[in-house]
> 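There's a structure below that I have some questions on.
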Amino acid sequence: MSPTLTRRRPVAAAALSAALLAGLSACGSGDDKPATSDTGSAAPTASAAPQANLTVLAASSLTDVFKAAGEAYQKSHPGTKVTFSFAGSQELAAQVKQGAPADALVTADTKTMDGLKAETGDPKIIAKNRLVIAAGKGNPFKIDELKDLADTKVKVVLAAPEVPVGRYSKQILDAQKIEVKPVSQEPNVRAVLSKVELGEADAGLVYKTDSAKSGDKVVTVEIPDDQNAVASYPAATLKQSKNAEAAAAFVAWLSTPEAQKILQDAGFQQP
């Protein structure tokens, strides 16, 4: 064997080893470590920073369903957090006029929303609701129609007239010429329902969706359509929002099939 051939073998072996090591190094650098930026730190992913932290002012009667809707929205919109503030629509309107930091508003009537045209974008109805009589557990007074609320032995609680459900209650009672003297007038529908649930009142007028959440704590008495009122729920962005694009996306989402199914499963009617 010639000296020349003897010298070439170690060189060739070294070259082959180097090539194999380079290949293994390349394979190992793909998914094992996160990509880094020019500064050497890990590059941020699309969901690393929230797209927006939204605050939505919503009518009390939406408390349960909007909690479910918010979770669904956050799941399908990673990086966006939705926080709700629930109260009577008249309270929400006052907050908006006082400049409370919020991004969107959903009321339980169009009248309240119409009074905020200077503060909101164009509203859209996202759901409807109807009233029922919530009678105390077991319905001891055998209430089965509106006129039974006129019985002076029955302690009736209603929402205040400036509250949407209070206005609807007055509307349907006046239409049937039924005079009711409530033992109290509450700031929102949840407060009315709570009085009946706790036995502090014998009956009250509430939204169907609220009564349904009470289980056997109350007895729900339906009101015929021709004696009832339809509550409409408009949603709108707030002009004072610092997250205008994200707020508009959430309000638009409320009309999508996904959101509508959540609302209708909770007993709300189609807009």
Side-chain angles (χ1 to χ4, degrees), residues 57-67 84-95 106-112 127-176 178-225 227-233 263 266-269:
L57 306 179
S60 295
S61 51
L62 294 167
T63 300
D64 297 307
V65 69
F66 262 20
K67 287 178 181 178
F84 296 100
S85 177
F86 298 103
S89 295
Q90 81 290 348
E91 293 180 49
L92 300 177
Q95 292 176 29
V106 188
T107 62
D109 67 334
T110 55
K111 181 177 180 179
T112 300
K128 292 186 177 182
N129 212 342
R130 289 180 181 274
L131 271 65
V132 297
I133 301 170
K137 188 172 184 177
N139 194 5
F141 287 91
K142 307 301 179 186
I143 297 168
D144 61 11
E145 56 184 325
L146 283 172
K147 70 178 183 179
D148 293 335
L149 300 179
D151 188 337
T152 54
K153 296 178 182 178
V154 178
K155 292 187 293 183
V156 179
V157 62
L158 300 174
E162 63 269 19
V163 183
V165 69
R167 282 200 301 273
Y168 294 134
S169 297
K170 186 177 186 305
Q171 175 185 328
I172 64 177
L173 291 171
D174 287 352
Q176 300 301 313
I178 298 172
E179 184 177 354
V180 174
K181 295 182 178 180
V183 295
S184 69
Q185 293 182 314
E186 303 300 320
N188 58 65
V189 68
R190 286 304 176 98
V192 173
L193 187 61
S194 178
K195 289 277 188 179
V196 180
E197 289 178 339
L198 295 172
E200 296 175 8
D202 302 313
L205 289 173
V206 301
Y207 294 119
K208 185 175 183 177
T209 52
D210 289 290
S211 184
K213 298 295 292 187
S214 291
D216 62 358
K217 293 180 181 179
V218 303
V219 173
T220 299
V221 179
E222 299 283 346
I223 300 172
D225 286 348
Q227 298 177 19
N228 215 330
V230 178
S232 296
Y233 291 74
L263 286 161
F268 289 85
Q269 299 175 358

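Because only heavy atoms are used, hydrogens play no part in the values below, and waters and symmetry mates are left out as well, while side chains stay in. Along the sequence shown, residues carry numbers from 1. Small disclaimer: the values here were computed from a predicted structure and weren't measured.
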> So, do Leu193 and Ser214 sit near enough that their side-chain heavy atoms are less than 4.5 Å apart?
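In contact.
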> Using side-chain heavy atoms (C-beta onward) and a distance below 4.5 Å, is Arg130 in contact with Ile223?
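When only atoms from C-beta onward are counted, Ile223 and Arg130 do not touch, as no gap falls below 4.5 Å.
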> For Asp210, check salt bridge (charged side-chain N to carboxylate O under 4.0 Å, His left out) against everything at least two apart and list the hits.
Arg190
> Give me the one residue out of Val192, Val132, Leu173 that meets side chain to side chain contact (heavy atoms under 4.5 Å, CB included) with Leu205.
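Testing Leu205 for a side chain to side chain contact (heavy atoms under 4.5 Å, CB included) against Val192, Val132, Leu173 leaves exactly one candidate, Leu173.
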> Look up atom CD1 in Ile172 and atom CG in Leu131, then write down how far apart they are to the nearest 0.5 Å.
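Reported value, rounded in 0.5 Å steps: 5.0 Å.
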> How about Ser211 and Thr220: does a side-chain donor come under 3.5 Å of a side-chain acceptor?
yes
> Do Lys142 and Asp148 sit within salt-bridge range, that is, some charged N less than 4.0 Å from a carboxylate O?
no
> Can you find a heavy atom in the side chain of Pro187 that is under 4.5 Å from one in the side chain of Glu162?
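Heavy-atom side-chain distance check fails, nothing below 4.5 Å.
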> Counting C-beta onward and ignoring hydrogens, is there a side-chain heavy-atom pair between Phe66 and Val106 closer than 4.5 Å?
yes
> Between Lys208 and Glu222, does at least one N-O distance fall below 4.0 Å, as a salt bridge requires?
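Yes, charged N to carboxylate O under 4.0 Å.
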> When you compare the side chain of Glu145 with that of Val221, does any pair of heavy atoms fall below 4.5 Å?
no
> Just say parallel, tilted or perpendicular for the rings of Tyr207 and Tyr168, cut-offs at 30° and 60°.
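Perpendicular, since the angle between the ring planes exceeds 60°.
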